Amino acid sequence: MSYRQEKLTRPIFKWAKTVMPPISATEREAIDAGTVWWDGELFTGNPDWNKLVAMPPARLSPDEQAFIDGPVNQLCAMIDEWKLVWKDRDLPPEVWTFLREKKFFGMIIPKEYGGLGFSNTAHSEVVRKVSSASVVAGVTVMVPNSLGPGELMLHFGTQEQRDHWLPRLADGREIPCFGLTSPEAGSDAAAMTDRGVVEYGEHEGERKLGIRLNFHKRYITLGPVATVMGLAFKMFDPENHLGRGEELGITVALIPTDTPGVRTGDRHIPQFTYFQNGPLYGEDVFIPLDWILGGPEQIGQGWTMLMTALAAGRGISLPSQSAAAAAFCARTTGAYARVRTQFNVPIGMFEGIQQPLADIAANAYLIDAARRLTVAALDEGHKPSVVSAIMKAHATYRMRESVERAMDIHGGKGIIDGPKNYLGAQYKSVPIGITVEGANILTRNLMIFGQGAIRAHPYMLKELLALSDEDEERGLKEFDTQFWKHVGHSATNAFRCFVRGWTGGMAAPAPRDTAFTSHWRQLSRFASAFALVADLSLLTLGGALKRKEMLSARLGDILSELYLLGAVLKRFEVEGRPEVDRPIVEFIMQKGYNRMSLAFQGVLDNLPARWAAALVRLLAFPLGVPHQEPSDELTSEVAAILMRPSSQRDRLTPDIYLGEGHAEHPVKDLELAFELVAEAAPIEKKMREAKMRDPAAARDAGIITAAEFDRLAEVKAAVDKVVAVDAFPMADVSPIAAQHDRKRSGGDEPHREAAE
């Protein structure tokens with residue numbers, strides 16, 4: 001045994017055991033789920049940006065593109081979102097049939113099982129396009145292809161289970177759901193009260209050893225219409241039939257919903273969005289052991305299964321829906337700000353409108369940049385749980401910001417429901433994305449940095465495992481190795497942080513042959529500062545950092561911004577560095593630095609170890625934490641992108657549904673008005689220069705021609721149609737009013753439906 005290990009490491013080892021709690025089995029399973037990817041680079045404090053730049057971008061195969069151009073566009077054209085939520089409160093039967101026939105529920109299932117065998121990129125693009133047409137349809141498509149029986153079976157099912165279930169899921173004969181959330185447990189799956197007890201029972205006329213289940217699940221998407229459920233429950237064997245003891249842990253089973261004792265069909269109403277969602281009940285449900293996902297060998301592995309699936313799923317479904325909403329808000333709000341006038345001026349010309357409009361444009365660019373990067377990583381085989389958590393939380397946060405700003409700009413147009421309102425469904429669905437697949441408060445405060453600090457840090461997990469080793473001498477030896485490597489790493493990073501901080505980032509590295517060299521260097525500077533403050537936070541707080549959720553959230557915000565801003569710079573490179581996109585990239589980077597600076601300031605102001613905060617300030621921020629906001633001129637320049645027809649606007653809002661295939665559609669009307677207003681701009685300019693506002697007077701005075709007068713009349717009619725909102729007869733809105741009308745008229749006819 002070395003002198004260092006005995007005299008230096010052993011006291012530190014004993015001290016660390018008192019401040020760092022042992023890793024529980026549940027925590028270990030959550031930590032082991034997924035893989036470390038770019039998050040690991042960021043935790044080093046010296047990420048190799050060349051790797052990020054060189055990573056192949058997300059691409060669609062010809063078959064995948066053909067599916068989007070064909071069935072996806074057909075699906076979008078089949079849906080009337082207003083009629084769906086106001087009258088039907090479900091997708092119409094012909095849409096459910098179409099979803100089955102075109103294998104929308106089997107996108108991720110391999111072709112050998114009858115599925116489409118699509119990539120994660122294709123999965124994301126389909127969800128994004130469908131969600132831009134209908135939130136309800138988007139949710140319906142995404143759930144069977146994300147956390148559910150199909151994905152879990154691909155990873156963990158027996159061959160017999162795959163052969164039976166996957167073809168049936170692929171062609172829509174079976175509609176799946178997954179029962180995870182219990183009323184008492186919420187986001188804490190380990191606290192679920194759903195129980196399965198090993199005992200003998202009757203199944204198909206035969207007495208056999210199986211599981212007696214009692215469960216109550218809620219918030220289960222597709223639950224009311226599902227034909228098969230994946231069910232997570234705690235399994236017990238009080239009589240030790242299996243010889244493994246009494247408590248067997250969280251287990252997942254596949255259960256047809258027509259199994260005796262199972263009850264489905266009731267519905268929740270999530271924000272009047274009306275996708276299929278409801279509770280699942282089971283009372284004295286008996287199932288054979290071979291219904292366990294993966295067979296009896298996978299008893300107790302349910303938590304690992306769920307964490308592994310979520311490690312990938314969080315990076316696809318909700319970020320794709322968020323990207324759709326952000327692009328949709330950018331497209332429609334920019335157009336509306338151009339065609340809607342106040343005081344004879346387009347409202348987008350007012351600086352008060354330009355600020356939120358620029359934020360909407362920036363969010364559309366950023367979310368899609370990060371989404372594409374993440375699905376490209378998934379297609380390479382990574383399952384980055386930390387990055388997926390970043391995407392889930394921050395994509396939905398920015399989606400919420402975009403929708404709220406879009407509503408502010410639309411004003412009354414956005415708040416009056418009816419067929420003419422294209423924003424209402426997006427607004428109502430915002431809290432759903434924020435809440436599901438792990439509530440954002442939990443994800444931001446505990447998961448992003450908390451899990452990342454252990455999983456993605458180059459040494460932390462190895463040190464914790466050494467501290468938890470039952471063989472203390474073996475643990476001490478391993479801790480000695482890892483701890484001193486950690487010390488060397490921290491010292492190197494502190495020096496690196498000093499050099500980058502005192503040069504304002506000028507001495508920080510940037511990837512070879514890229515644009516925006518100064519921004520790459522600033523990210524390198526912030527990355528080293530993040531690694532330093534993360535190490536000092538862990539050193540001074542130890543296990544108490546778990547309870548310092550505000551600090552953890554701010555550290556997670558810094559990590560998230562490093563990932564998101566790196567994705568933005570990579571997108572600029574992938575798209576060939578279009579010069580016209582420089583303003584929006586510049587705007588995003590400055591906004592991101594501001595967010596990081598506020599997070600750093602919050603950590604340093606509240607870190608209990610004041611000496612550690614002072615050290616970070618001295619090394620990383622000798623002139624203070626830099627705060628930066630985009631200039632008013634840059635803000636106006638970015639806002640203007642959305643208010644003029646251009647290939648740049650199309651590239652910023654690609655592949656969203658614009659009402660094609662519908663004879664009447666509010667977005668189709670908006671697009672037409674936007675084009676006509678842009679085309680008529682020279683005519684309006686002539687009138688302004690002549691100081692004339694009345695087109696008829698301008699025509700009579702020879703300022704404009706008769707043809708130009710007709711064009712202005714066409715523009716006005718198109719704009720009036722867009723600006724109009726819906727109003728309904730009282731009897732269509734209120735059953736009470738309808739009843740009163742019938743009594744007054746002496747008739748008994750049913751009231752008309754507003755949707756008609």
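Predicted model, so just to flag it, every value in this text is computed and none were measured.
Residue pairs meeting the salt bridge (charged side-chain N to carboxylate O under 4.0 Å, His left out) criterion with at least one member in residues 249-259, sequence neighbours excluded, do not occur. Sorted by first and then second residue, the side-chain hydrogen bond (donor to acceptor under 3.5 Å, both in side chains) pairs involving residues 166-180 (not counting sequence neighbours) are Arg168-Glu174, Asp171-Arg173, Glu174-Thr227. Within the structure, ring pair (Phe, Tyr, Trp, His ring centres under 6.0 Å) contacts touching residues 138-167 (residues at least two apart or in different chains) do not occur. Within the structure, ring pair (Phe, Tyr, Trp, His ring centres under 6.0 Å) contacts touching residues 225-260 (residues at least two apart or in different chains) are Tyr200-His241.
Note that NE2 of His382 and CG of Asp39 are 10.0 Å apart. Values are rounded to the nearest 0.5 Å. Atoms OG and CG, from Ser119 and Leu378 in turn, are 10.0 Å apart once rounded to the nearest 0.5 Å. In this structure, NZ in Lys477 is found 11.0 Å from CG in Asp471, a value given to the nearest 0.5 Å. Rounding to the nearest 0.5 angstrom, the gap separating the CZ atom in Arg267 from the CZ atom in Phe275 is 9.5 Å.
Residues passing the side chain to side chain donor-acceptor pair (under 3.5 Å) test with Arg244: none are found, sequence neighbours excluded. For Phe178, there are no ring pair (Phe, Tyr, Trp, His ring centres under 6.0 Å) partners at least two apart in sequence or on another chain. With sequence neighbours left out, His457 forms a ring pair (Phe, Tyr, Trp, His ring centres under 6.0 Å) with His486. Under the side chain to side chain donor-acceptor pair (under 3.5 Å) criterion, Arg263 pairs with Asp266, sequence neighbours left out. Listed by chain and residue number, His268 satisfy the ring pair (Phe, Tyr, Trp, His ring centres under 6.0 Å) test with Tyr219 (two or more places apart in sequence, or in another chain). Residues passing the side-chain contact (heavy atoms from CB on, under 4.5 Å) test with Asn240, sequence neighbours excluded: Asp237.
Looking at Ser537 and Leu555, their side chains come closer than 4.5 Å, going by heavy atoms from C-beta outward. For the pair Leu166 and Leu154, the minimum side-chain heavy-atom distance is below 4.5 Å. Counting heavy atoms from C-beta outward, Arg314 and Met447 have side chains that approach closer than 4.5 Å. When side chains are defined from C-beta on, His123 counts as touching Ser317, because their heavy atoms get closer than 4.5 Å. At least one side-chain heavy atom of Pro296 sits under 4.5 Å from a side-chain heavy atom of Ile299. Between Leu242 and Leu289 there is a side-chain heavy-atom pair separated by less than 4.5 Å. Looking only at side-chain heavy atoms (C-beta outward), Val262 and Leu280 stay at 4.5 Å or farther from each other. Two residues are said to be in side-chain contact when any heavy atoms from C-beta on lie closer than 4.5 Å; Ile448 and Tyr563 fail this criterion.
Looking at Gln276, its side chain never comes within 3.5 Å of a backbone N or O of Leu91 through a donor-acceptor pair. The closest donor-acceptor contact from the side chain of Asp535 to the backbone of Val533 lies at 3.5 Å or more, if one exists at all. A side-chain donor-acceptor contact under 3.5 Å links Arg162 to the backbone of Met153.
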When the side chains of residues 104-117 are checked against the rest of the protein, which donor-acceptor pairs come out under 3.5 Å, sequence neighbours left out?
from	atom 1	to	atom 2	distance (Å)
Tyr113	OH	Gln159	NE2	2.9

Residues 209-217, side-chain donor-acceptor partners within the protein, below 3.5 Å, at least two apart:
from	atom 1	to	atom 2	distance (Å)
Arg212	NE	Glu199	OE2	3.0
Arg212	NH1	Asp284	O	3.3
Arg212	NH2	Glu199	OE2	3.4
Asn214	OD1	Asp284	N	2.9
Lys217	NZ	Leu180	O	3.0
Lys217	NZ	Ser182	OG	3.4
Lys217	NZ	Asp194	OD2	2.8
Lys217	NZ	Ala232	O	2.8

CA sep, side-chain torsions, deciding dist, call: Glu239, Val198, side-chain contact (heavy atoms from CB on, under 4.5 Å) = CA-CA 8 Å; Glu239 298 183 23; Val198 179; over 6 Å; no
request  = Mind running side-chain contact (heavy atoms from CB on, under 4.5 Å) on Leu545 and Phe449 for me, showing each step along the way?
outcome  = CA-CA 10 Å; Leu545 186 56; Phe449 180 76; 3.5 Å; yes
inquiry  = What verdict does the side-chain contact (heavy atoms from CB on, under 4.5 Å) test give for Gln301 and Val252, after you've listed the backbone C-alpha separation in whole Å, the side-chain angles of each residue and the deciding distance to 0.1 Å?
reply    = CA-CA 8 Å; Gln301 298 303 307; Val252 174; over 6 Å; no
request  = May I have the step-by-step check of side-chain contact (heavy atoms from CB on, under 4.5 Å) for Leu607 and Leu541, ending in yes or no?
outcome  = CA-CA 9 Å; Leu607 194 63; Leu541 288 169; 4.3 Å; yes
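Aromatic ring centres of Phe43 and Phe530 lie closer together than 6.0 Å.
Remark: Glu478 does not engage Lys485 in a salt bridge, criterion side-chain N to carboxylate O under 4.0 Å.
Side-chain atoms of Arg371 and Ser124 include a donor-acceptor pair closer than 3.5 Å. Using a 3.5 Å distance cut-off with no hydrogens or angles, the side chains of Asn445 and Ser552 do not pair a donor with an acceptor. For the 3.5 Å distance criterion, the side chains of Trp484 and Thr9 qualify, holding a donor opposite an acceptor.
Residue Glu246 qualifies as enclosed at atom CD: its count of foreign heavy atoms under 6.0 Å is above 12.
The shortest heavy-atom contact between Ile434 and Thr396 is CD1-O, 3.4 Å.
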